[in-house]
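Below is one structure, written out as structure tokens; comments come after it.
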Amino acid sequence: MPHELPKAYEPGAIETRWAEYWVKEKLFSPPTPGPGESRPVFTLLLPPPNVTGRLHMGHMLNQTQMDIIVRWHRMRGFLTLWLPGTDHAGIATQMMVERQLASEGKKRRDLGREAFIQRVWEWKRHYGGAILDQMKRLGASVDWDREYFTMDEGLSRAVIEVFVRLYEEGLIYRGKYIVNWCPRCETAISDLEVKHEEVQGKLFEIRYPVIGTNEFITVATTRPETMLGDTAIAVNEKDERYKHLRGKKVLLPLMNREIPIITDELANPEFGTGAVKVTPAHDPNDFEAGLRHNLPQIDIMDEHAHMNKNAGPYAGLSRYAARERVLEDLRTQNFLVGEKKHTIAIGKCDRCGTVVEPRLSTQWFIKIKPLADRAIEVVENGEITIVPENYKQIYLNWMHNIHDWCISRQLWWGHRIPAWHCKCGEIIVAREAPAKCSKCGASEPKQDSDVLDTWFSSGLLPFTTLGWPEQTRDQEVFYPTTLLITAYEILFFWVARMIMFGCHFMPDHKQDPVLKQASGWAGKKDDSVPFRQVYIHALVRDADRQKMSKTKGNVVDPLDVIQRFGTDAARFTLAAMAAPGTDIAFSESRTDGYRAFANKIWNAARFMFMNVDRAEQAGAWKQQEFLKRLEAGLRPALAGSLRLRSGQAPTIPHAGLAGFEASTLEDHWILSRFHRVTKDVNDAWQTYRFHEAANRIYDFFWGDFCDWYIELVKPRLTPENGGEKASAGVACGNLVSLFDASLRLLHPVMPFITEEIWHAVYDGKPPLKSIALAAYPQADEKQFDLAAETSMAIVQDLIVSVRNLRAELKVEQKQKVPIQVYTQDAEIKSLLDQNRGAIERLANVESLTFVQNSLGSLPGARSTARFDVHVIYEKKIDLGAERERLKKELEQIEKEIANGQRQLSNEQFLVKAPAKVVDGMKKRAQELAVLQEKTKSKLEELKTT
RNA sequence: AGGCCCGUAGCUCAGUUGGUUAGAGCGCUUCCCUGACACGGAAGAGGUCGAUGGUUCGAGUCCAUUCGGGCCUACCA
């Protein structure tokens, strides 16, 4: 059956077709192994995108890297689960729907809680799937059967279970504290959700009259309006300046309230005037000081950050208007004594950008220290490794300075807190709504109106997605997950929380003999950790290294890139640019280059099919018979124990080049190259050096395979041009074998084009449903063939030298020229002699003759350490240009010689440097001496002519 | 305030533990639409690796200082 492929690769139709096929055929849903079955497992949890999300470059990078690692594991025989889902994203989603309502002229309170939540669900059903559809377009090989949503019934039950357990253990408490309050979102937010921004502000100095004296005490503040809620002035105990005022009282200006002067470490004698106003209800430090001194907390603002009745005459004003009025009044009443420029870091709401107000309110918190301690331990002792390693220190620093986590949010969309309040003041935390108050017996306690921080539920995902709190087989098999690939941004939001929750709630098999036996786990590692390794990937920036943001308008839309260059090219770009630890400046010219690469692969395939079909017709090759031979090495091995870590490979029998028969130099050479590249690529995936793996494959396929191997093998493929029938068959087989293996090698990065061509190789009837299920090539180091590589390098060197000379001599492209070659080395001579056909063809040489004398000094000749070659051509060369070139070359050589001599004459070098380096240098010095001699004499010759 | 990262060819970036001649893609120059591919082939030009000093037989790579760019964390008014 002849293969018909269009001349140029058109990714569009092909990609969507395979994307649908993969989903439809459920190729990526791993079967749950039975109790006795043992197989290496690889589990990866997709960082759930927000339901509000649209795919951006960051997602694409993240998902490309995950998909590469996932496909690579799957192809090596791991039982592979990649678990997808979406996050309900409390604040973000609520904002979207509120915005939608606003366009209808409504507010959420107009609808009421129930109706509003219904509305959000509707919104979710409508728009929530967008990002997952976009993921399908990327080719993400996730298990769609296990797709979850963080508000699903099962996951919600697990959230309640966790809350109740933590409460019962005393790790969740409720209390009135200062929290970050967003006046626009009207909710508390965690420290992490506050983004700090440095702005030029002012430091105001206000004097307060000390009662019973003529003195004033002056304080400095950046937020004068908060003075309305002052309940003390603090000075430092060591500060002699204020010693005489201690215990006295001041009259708070504008409010005419008496407040005490206290001594507290809060006041830093070095800063400002050394005296500080204390406003316990509006500043976290003041709050702490207030507790120490039993000061009243006067809350002067409402939930919108407007002044309330406690602000007396200022009630009703916004915090900014109040600030102006307060300043004005202080000024007119002569209390304002100074104004200085001062840079201040103001906190803004991560979601909406509104300036956050520290606000006193009653919230739920998690006592974090006990959870953090364990989470620190598992990272310190390496049970969880973080790559790149510098993030480990960042993680540990943060964990050591962690504060209690405020988990309640005054929102409607989210997991409602499972606590019920009774009129009598009792709070009942329970899995189900209680019918009666457990204390006073009153009926129908009311459920707490707050919901949980979104990250509370996402922190549980590694086990809740596997059926926890039920004891499921899934959990036994797939927990702990193997790896987490995520962005640095959510290291604390998400990664740290998963570690804390996982370690706290999941059983450690090594400490639990029953579970240990059940899972067949005999390792030493802690099994409660949510994952064994975290890989933090880089940030994708725009071509100018700027962070992409909507406001800057420099966002590159991945779907647009896909549209223009194809998914494979886009994926390859991200892989090829993703060196660990460095950000990616996304440039379209690179993507364009990789689209060309896809086209190159496509055309190489066309070439293969063309020849294979012709050989088949000529009776030189039997395709079906040959494909049977390929099949043998196609299935990944399934051996190994259940709990292998991702770092270990299952024992896979060599799944490289089935059916390849090396007979010629280029065969031996390409075989060796293939195994070397395969080794490097596998090593690179293992250590997340995506760029290295991608580049190795690129260079191999384009450079070695297309530019050299295919060119060399051409005559063998066309028996009618003088080749032999039998050798044509072998050559076809080698080509197909090599192509099949190369496709498998490349598949994790470019899943679409490889799938398409692979199916074509098998005439649309491959032995497996997808190349994604075929075995990943493994290197066989016994196939490394240094001799073949060295020989090939010499042949290539000669060909390139001749081409080079031809260009210099301005020989017409089509014109064949005779060449002379001189070499002292009999082996090299025989090598070149044996490969004269290749040389003549690839360098467009008429005839190659060996001569007895050095040719180095002739014009139109070139010397290397191994041979001299002379192109016989009558046309005159530009002597001036040639002289210049030679001069430069000689300079270069002499510079290197000097360098080498300096080293070699240094005794320290000879003693201390490894023998390998010294020997290499000596050898090189000899070569250089020869080259120098030849170049010199050639220059001499040119001067005299 | 503390911490992290980056500065290599015109542009975008590689360069793992210090080891001989610093690489790639794009762009540029010259030639070629040769039967897989002009999204191609062949040959080239282009870099004192931000600066200074140090460690070392040997530094793009390690250390210190410095300049320039970026990021993150932080409750000092």
Side-chain angles (χ1 to χ4, degrees), chain A residues 5 7-9 178 191 196 203 219-223 234 266-268 270-273 275-279 283-288 342 344-345 347 358 390-391 393-394 397-398 401 403 488-489 492 539 541 543 545-547 576-577 579 581-587 589-590 592-611 687 689 691-692 695 698-699 706-707 710-711 718 800 803-808 810-814 843-844 892-893 895-896 899-900 902-903 906-914 916-925 928:
Chain A
L5 298 181
K7 191 170 173 183
Y9 178 58
I178 290 272
D191 293 346
H196 293 270
L203 190 64
V219 300
T221 178
T222 55
R223 302 199 51 201
L266 176 69
N268 173 4
E270 310 291 312
F271 188 90
T273 59
V276 60
K277 58 195 267 317
V278 184
T279 324
D283 181 279
N285 291 310
D286 294 10
F287 174 78
E288 295 294 330
H342 187 68
I344 40 177
N390 55 317
Y391 290 109
Q393 207 46 52
I394 295 175
N397 282 343
W398 188 77
N401 298 311
H403 297 280
Y488 170 69
E489 287 178 309
F492 307 131
L539 213 62
R541 300 166 177 282
R545 290 199 130 269
Q546 295 291 306
K547 206 170 170 174
M577 298 186 79
T582 51
D583 285 348
I584 295 172
F586 188 85
S587 72
S589 69
R590 287 286 284 267
D592 203 25
Y594 295 127
R595 175 180 61 169
F597 180 51
N599 192 56
K600 186 76 182 176
I601 297 166
W602 187 254
N603 278 290
R606 291 180 64 222
F607 173 81
M608 169 180 67
F609 291 136
M610 195 183 86
N611 284 284
T687 46
R689 289 133 74 109
H691 67 299
E692 200 178 297
N695 285 325
Y698 180 97
D699 291 339
C706 291
D707 290 345
I710 286 186
E711 290 308 323
T718 51
V800 170
R803 284 168 174 173
N804 187 307
L805 285 167
R806 290 174 57 101
E808 265 167 35
K810 303 219 187 325
V811 180
E812 291 284 329
Q813 200 72 208
K814 285 177 186 163
N844 213 12
Q892 196 58 39
I893 291 169
K895 201 171 128 195
E896 211 189 315
N899 233 334
R902 194 165 46 78
Q903 293 260 49
N906 187 328
E907 267 177 54
Q908 290 295 323
F909 172 71
L910 297 175
V911 174
K912 289 186 181 170
K916 210 170 81 185
V917 175
V918 177
D919 285 352
M921 205 122 176
K922 281 180 178 162
K923 219 173 249 168
R924 180 68 187 157
L928 284 169

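A distance of about 7 Å separates the C1' atoms of rG27(B) and rG10(B), rounded to the whole Å. Across rC39(B) and rU65(B), the matching C1' atoms stand 49 Å from one another, rounded to whole Å. Across rG35(B) and rG41(B), the matching C1' atoms stand 14 Å from one another, rounded to whole Å. Taking atom C1' on both rU52(B) and rC67(B), the two are 11 Å apart, rounded to the nearest angstrom. Here, rG50(B) and rG69(B) have their C1' atoms 11 Å apart, quoted to the whole Å. Across rA51(B) and rG68(B), the matching P atoms stand 15 Å from one another, rounded to whole Å. Using atom C1' as the reference point in both rG23(B) and rC49(B), the two lie 12 Å apart (nearest Å).
Counting only heavy atoms from C-beta on, M610(A) has its side chain closest to rA36(B) among rC57(B), rA77(B), rA36(B). Of the listed nucleotides (rC37(B), rG25(B), rU21(B)), rC37(B) has the atom at the smallest distance from the side chain of R606(A). Comparing rU12(B), rU21(B), rC37(B) by their closest approach to the side chain of N603(A) singles out rC37(B). In the set rC57(B), rG41(B), rU20(B), the nucleotide with an atom closest to the side chain of D707(A) is rG41(B). Candidate nucleotides rA74(B), rG25(B), rU20(B) were compared by shortest atom distance to the side chain of E896(A), and rU20(B) ranks first. When distances are taken from the side chain of R803(A) to each of rA77(B), rA43(B), rA36(B), the shortest belongs to rA43(B). Distances from the side chain of N268(A) to the nucleotides rU21(B), rA36(B), rC76(B) place rC76(B) closest. Picking from rC26(B), rU12(B), rA36(B) the nucleotide with the shortest atom distance to the side chain of R590(A) gives rU12(B). Of the candidates rA36(B), rU73(B), rU21(B), rU73(B) carries the atom nearest the W398(A) side chain, counting heavy atoms from C-beta on.
A596(A) comes within 4.0 angstrom of a nucleotide base, judged by non-hydrogen atoms across all strands. Nucleic acid contact class of L910(A) (heavy atoms, under 4.0 Å, all strands): none. Using a 4.0 Å heavy-atom distance criterion, M577(A) is classed as a sugar-phosphate-only contact. If you check every strand for non-hydrogen atoms under 4.0 Å, E907(A) touches nothing. Within 4.0 Å (heavy atoms only), K923(A) reaches no atom of the nucleic acid at all. Contact annotation for V278(A): no contact, since no heavy-atom pair falls under 4.0 Å across all strands. Heavy atoms of I710(A) sit under 4.0 angstrom from at least one base atom. Contact annotation for Y594(A): no contact, since no heavy-atom pair falls under 4.0 Å across all strands.
The CZ atom of R902(A) sits 10 Å away from the P atom of rU21(B) (whole-angstrom rounding). Summarising the geometry, the separation between OH on Y9(A) and C1' on rC39(B) is reported as 13 Å, rounded to the nearest angstrom. Separating the CZ atom of F609(A) from the P atom of rA36(B) is a distance of 15 Å, rounded to the nearest angstrom. Between the NE2 atom of H196(A) and the P atom of rC71(B) there is a distance of 16 Å, given to the nearest Å. When the P atom of rC76(B) is taken as reference, atom CG of N401(A) falls 13 Å away, rounded to whole Å. Atom P of nucleotide rU73(B) and atom NE2 of H403(A) are separated by 13 Å, given to the nearest angstrom. Computed from coordinates, the E489(A) CD to rC4(B) C1' distance equals 15 Å when rounded to whole Å. With rounding to whole Å, N611(A) atom CG is found 7 Å from rA36(B) atom P.
We find the CD1-CZ distance between I394(A) and F492(A) to be 6.5 Å, quoted to the nearest 0.5 Å. To the nearest 0.5 Å, atom CG of residue L928(A) and atom CD of residue Q892(A) are 10.0 Å apart. For the atom pair D286(A) CG and T279(A) OG1, the distance stands at 5.0 Å (nearest 0.5 Å). Separating the NE2 atom in H196(A) from the CD1 atom in I344(A) is a distance of 12.5 Å, to the nearest 0.5 Å.
In this structure a side-chain-to-backbone donor-acceptor pair under 3.5 Å is present from N599(A) to Y9(A). Side-chain atoms of R606(A) do not come within 3.5 Å of backbone N or O of I601(A) as any donor-acceptor pair. Proximity of a side-chain donor or acceptor of D283(A) to a complementary backbone N or O of P358(A) within less than 3.5 Å is not detected.
Checking each of Q903(A), E896(A), R902(A) against N899(A) for a side chain to side chain donor-acceptor pair (under 3.5 Å) leaves exactly one that passes, namely R902(A).
Between G593(A) and F597(A), the residue anchored closer to the 5' end of RNA chain B is G593(A), taking for each the nucleotide with the nearest heavy atom. Toward the 5' end of RNA chain B, the nearer of the two residues A576(A) and H342(A), judged by each one's closest nucleotide, is A576(A).
Interface remark: the N599(A) side chain does not form any donor-acceptor pair with the rC37(B) base, using a distance-only criterion of under 3.5 Å. Side chain K600(A) to base rC37(B): a donor-acceptor pair is found below 3.5 Å. Between the side chain of Q813(A) and the base of rA43(B) there is no donor-acceptor pair of N/O atoms closer than 3.5 Å.
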Dot-bracket encoding per residue of RNA chain B, Watson-Crick/G-U cut-off under 3.5 Å, | denoting interstrand: (((((((..((((.....[...)))).(((((.......))))).....(((((..]....))))))))))))....

I'd like a list of close polar pairs between nucleotides 16-19 of chain B and the protein, N/O only, cut-off under 3.5 Å.
unit_1	atom_1	unit_2	atom_2	d
rU16(B)	O2	R689(A)	NH2	2.8

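Counting only residues at least two apart or on different chains, the salt bridge (Lys or Arg N to Asp or Glu O under 4.0 Å) pairs with a member in residues 593-602 of chain A are D592(A)-R595(A).
Judged as a ring-ring contact (aromatic ring centres under 6.0 Å, His included), and not counting sequence neighbours, the contacts of Y488(A) are Y391(A). The salt bridge (charged side-chain N to carboxylate O under 4.0 Å, His left out) search around E692(A) returns R689(A), not counting sequence neighbours. Residues forming a side chain to side chain donor-acceptor pair (under 3.5 Å) with D191(A) (at least two apart in sequence, or on another chain): N180(A).
V219(A) has its side chain out of reach of V276(A): every pair of non-hydrogen atoms, C-beta onward, lies at least 4.5 Å apart.
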